[in-house]
Enquirer: 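My questions all concern the structure below.
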Amino acid sequence: MYYAKPTLKNLSQGARLEYIRRLRHMKQHDVAEYFGFGGKDPHKTFNSYENNYREPSKERLKEIAELYEVSVDAIKKYDFNNPIDVIYFHMWLEEEFPYYEIKFDCDSHEDTEYNEVVLNAIREWQKMKEKRENLEISDDEYLEWKLNFRIED
């Protein structure tokens, strides 16, 4: 059996939800069944999430993350005023453009507790990228790490 990794359509929340569902070898019907949706079109709710017509509630997002075995941070809607969300966004951007380089200036920042959290997250990500590049971990292991990476602020 041949398996091709899904393609990420774009970086929207819906596209990321669809990408992970397909990565987990699930159909919308499987997800609808898991959540007990019935009726004539049981996968309509997830179709609307994946097409960005609706946004899942925080509780539903937690349930989806649990089903997909990922961090909520991998599938939430990002706030680009939040540097931590920008990091997650760039991790996804890397899925569209593998091995792209982003340079972070880790020396010119205000010395605050929050900035230290952000810098530590960037450093941890850089270490994992190096492990992948040095073939210490596979691309799949690297992706799973990113999907479950949590930045605690």
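A quick note: this is a predicted structure, and the numbers were derived from the prediction, not measured.
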Enquirer: Is L8 close to L11 at the side-chain level, that is, under 4.5 Å between some pair of heavy atoms?
Expert: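 Of all side-chain heavy-atom pairs linking L8 with L11, at least one is under 4.5 Å.
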Enquirer: When you look at CD of E96, are more than 12 heavy atoms from neighbouring residues, nucleotides or ligands closer to it than 6.0 Å?
Expert: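 For E96, atom CD is crowded (more than 12 foreign heavy atoms under 6.0 Å).
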Enquirer: Please name the pair of heavy atoms, one in E116 and one in R123, separated by the smallest distance, quoted to 0.1 Å.
Expert: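 Closest approach of E116 to R123, heavy atoms only: OE2-NH1, 3.4 Å.
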Enquirer: According to ring-ring contact (aromatic ring centres under 6.0 Å, His included), who are the partners of Y34, at least two apart in sequence or on a separate chain?
Expert: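 Checked Y34 against ring-ring contact (aromatic ring centres under 6.0 Å, His included); zero matches.
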Enquirer: Looking at residues at least two apart in the chain, or sitting in another chain, which of them share a salt bridge (Lys or Arg N to Asp or Glu O under 4.0 Å) with E141?
Expert: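 With sequence neighbours excluded, E141 shows a salt bridge (Lys or Arg N to Asp or Glu O under 4.0 Å) to no residue whatsoever.
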Enquirer: Could E94 and K129 be called an ion pair, given the rule that one side-chain N must be under 4.0 Å from one carboxylate O?
Expert: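 Salt bridge present between E94 and K129.
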Enquirer: For Y142, give me all partners under ring-ring contact (aromatic ring centres under 6.0 Å, His included), at least two apart in sequence or on another chain.
Expert: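 Result, ring-ring contact (aromatic ring centres under 6.0 Å, His included) vs Y142: none returned.
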Enquirer: Name all residues meeting the salt bridge (Lys or Arg N to Asp or Glu O under 4.0 Å) criterion together with E144; count only those two or more places apart in sequence or in a different chain, and write none if there are none.
Expert: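 R24.
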Enquirer: Among all residues two or more places apart in sequence or in another chain, which pass the side-chain contact (heavy atoms from CB on, under 4.5 Å) test with E124?
Expert: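 Result, side-chain contact (heavy atoms from CB on, under 4.5 Å) vs E124: W145, F149.
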Enquirer: Would you say the side-chain atoms of D30 pair up with the backbone N or O of M26, donor to acceptor, closer than 3.5 Å?
Expert: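 Not at all, since once roles are kept as given, no pair shorter than 3.5 Å links the two residues.
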Enquirer: Output all residues satisfying side-chain contact (heavy atoms from CB on, under 4.5 Å) with N52, sequence neighbours left out; order by chain, then residue number.
Expert: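 Scan of N52 (side-chain contact (heavy atoms from CB on, under 4.5 Å), adjacent residues dropped) gives S12, Q13.
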Enquirer: Once you round to the nearest 0.5 Å, how far does CG of N51 lie from OH of Y53?
Expert: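 Interatomic distance, N51 CG to Y53 OH, rounded to 0.5 Å: 4.5 Å.
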Enquirer: How far does CE of M128 sit from CD of E136, to the nearest 0.5 angstrom?
Expert: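 So the gap between those two atoms works out to 9.5 Å.
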Enquirer: Please identify each residue that fulfils salt bridge (Lys or Arg N to Asp or Glu O under 4.0 Å) with K76, with sequence neighbours left out.
Expert: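 K76 satisfies salt bridge (Lys or Arg N to Asp or Glu O under 4.0 Å) with D73, D85 once adjacent residues are dropped.
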Enquirer: Do W92 and Y78 make the cut of ring centroids closer than 6.0 angstrom?
Expert: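 No, the ring centres sit 6.0 Å or more apart.
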Enquirer: Does K62 have any salt bridge (Lys or Arg N to Asp or Glu O under 4.0 Å) partners at least two apart in sequence or in another chain, and if so, which?
Expert: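 Not a single residue meets the salt bridge (Lys or Arg N to Asp or Glu O under 4.0 Å) criterion with K62.
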Enquirer: Side chains of Y88 and I151: does their closest heavy-atom pair fall under 4.5 Å?
Expert: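 They are in side-chain contact.
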Enquirer: Could you go through the side-chain contact (heavy atoms from CB on, under 4.5 Å) check for V31 and Y68 one step at a time?
Expert: CA-CA 10 Å; V31 177; Y68 290 169; 3.6 Å; yes
Enquirer: Please check: side-chain N/O of R150 versus main-chain N/O of S71, any donor-acceptor pairing under 3.5 Å?
Expert: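 The answer is no, because no donor-acceptor pair under 3.5 Å joins these two groups.
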Enquirer: Any non-hydrogen side-chain atom of K146 less than 4.5 Å from a side-chain atom of E95?
Expert: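 Sidechains of E95 and K146: in contact.
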Enquirer: Could you pull out all residues at least two apart from F46 that satisfy ring-ring contact (aromatic ring centres under 6.0 Å, His included)?
Expert: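 Testing F46 for ring-ring contact (aromatic ring centres under 6.0 Å, His included), a comparison that skips the adjacent residues, returns F35, Y49.
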Enquirer: Indicate the atoms forming the closest heavy-atom contact of I87 with A121, along with that distance.
Expert: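 Scanning both residues, the minimum pair turns out to be CD1-CB, 4.2 Å.
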Enquirer: Checking the side chain of N82 only, and the main-chain atoms of I84 only, is there a donor and an acceptor separated by less than 3.5 Å?
Expert: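 Present.
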Enquirer: How close do N148 and V70 get, counting heavy atoms only, and between which atoms?
Expert: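 That closest heavy-atom pairing would be OD1-CA, 3.3 Å.
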Enquirer: If you round to the nearest 0.5 Å, how far is CG of L17 from CZ of R22?
Expert: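 That separation rounds to 13.5 Å.
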Enquirer: Applying side-chain contact (heavy atoms from CB on, under 4.5 Å), can you list everything that pairs with N81, at least two apart in sequence or on another chain?
Expert: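 side-chain contact (heavy atoms from CB on, under 4.5 Å) list for N81, sorted by chain: D79.
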Enquirer: Give, for atom CD of E18 and atom CG of N47, the distance between the pair rounded to the nearest 0.5 Å.
Expert: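 So the gap between those two atoms works out to 8.5 Å.
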Enquirer: Output the distance between atom CD1 (I122) and atom CD (Q126), rounded to the nearest 0.5 Å.
Expert: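 Between atom CD1 of I122 and atom CD of Q126 there are 8.0 Å.
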Enquirer: So does V117 get a backbone contact from the side chain of N120, meaning a donor-acceptor N/O pair under 3.5 Å?
Expert: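 Not confirmed, N120 side chain does not pair with V117 backbone.
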Enquirer: Give the minimum heavy-atom separation between A15 and K9, together with the two atoms involved.
Expert: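 So the minimum-distance heavy-atom pair works out to CB-CB, 4.3 Å.
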Enquirer: Could you pull out all residues at least two apart from H90 that satisfy side-chain contact (heavy atoms from CB on, under 4.5 Å)?
Expert: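 Result, side-chain contact (heavy atoms from CB on, under 4.5 Å) vs H90: V86, L93, Y100, I102, W125.
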Enquirer: Can you list the residues that meet the ring-ring contact (aromatic ring centres under 6.0 Å, His included) rule with F97, with sequence neighbours excluded?
Expert: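 With neighbours one apart ignored, the set is empty.
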Enquirer: Could you measure the distance from the CD1 atom of I137 to the CZ atom of R132? Nearest 0.5 Å is fine.
Expert: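 If I round to the nearest 0.5 Å, the distance is 8.0 Å.
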Enquirer: State plainly whether the residues R60 and E55 are in salt-bridge range, i.e. N to O under 4.0 Å.
Expert: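 No, R60 and E55 are not salt-bridged.
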Enquirer: I'd like to know if E133 pairs up with K131 as an ion pair, taking the criterion as any Lys NZ or Arg NE/NH1/NH2 lying under 4.0 Å from an Asp or Glu carboxylate oxygen.
Expert: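 Salt bridge: no.
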Enquirer: Hey, does P56 have a side-chain heavy atom less than 4.5 Å from the side chain of I64?
Expert: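 Yes, at least one pair of side-chain atoms sits under 4.5 Å.
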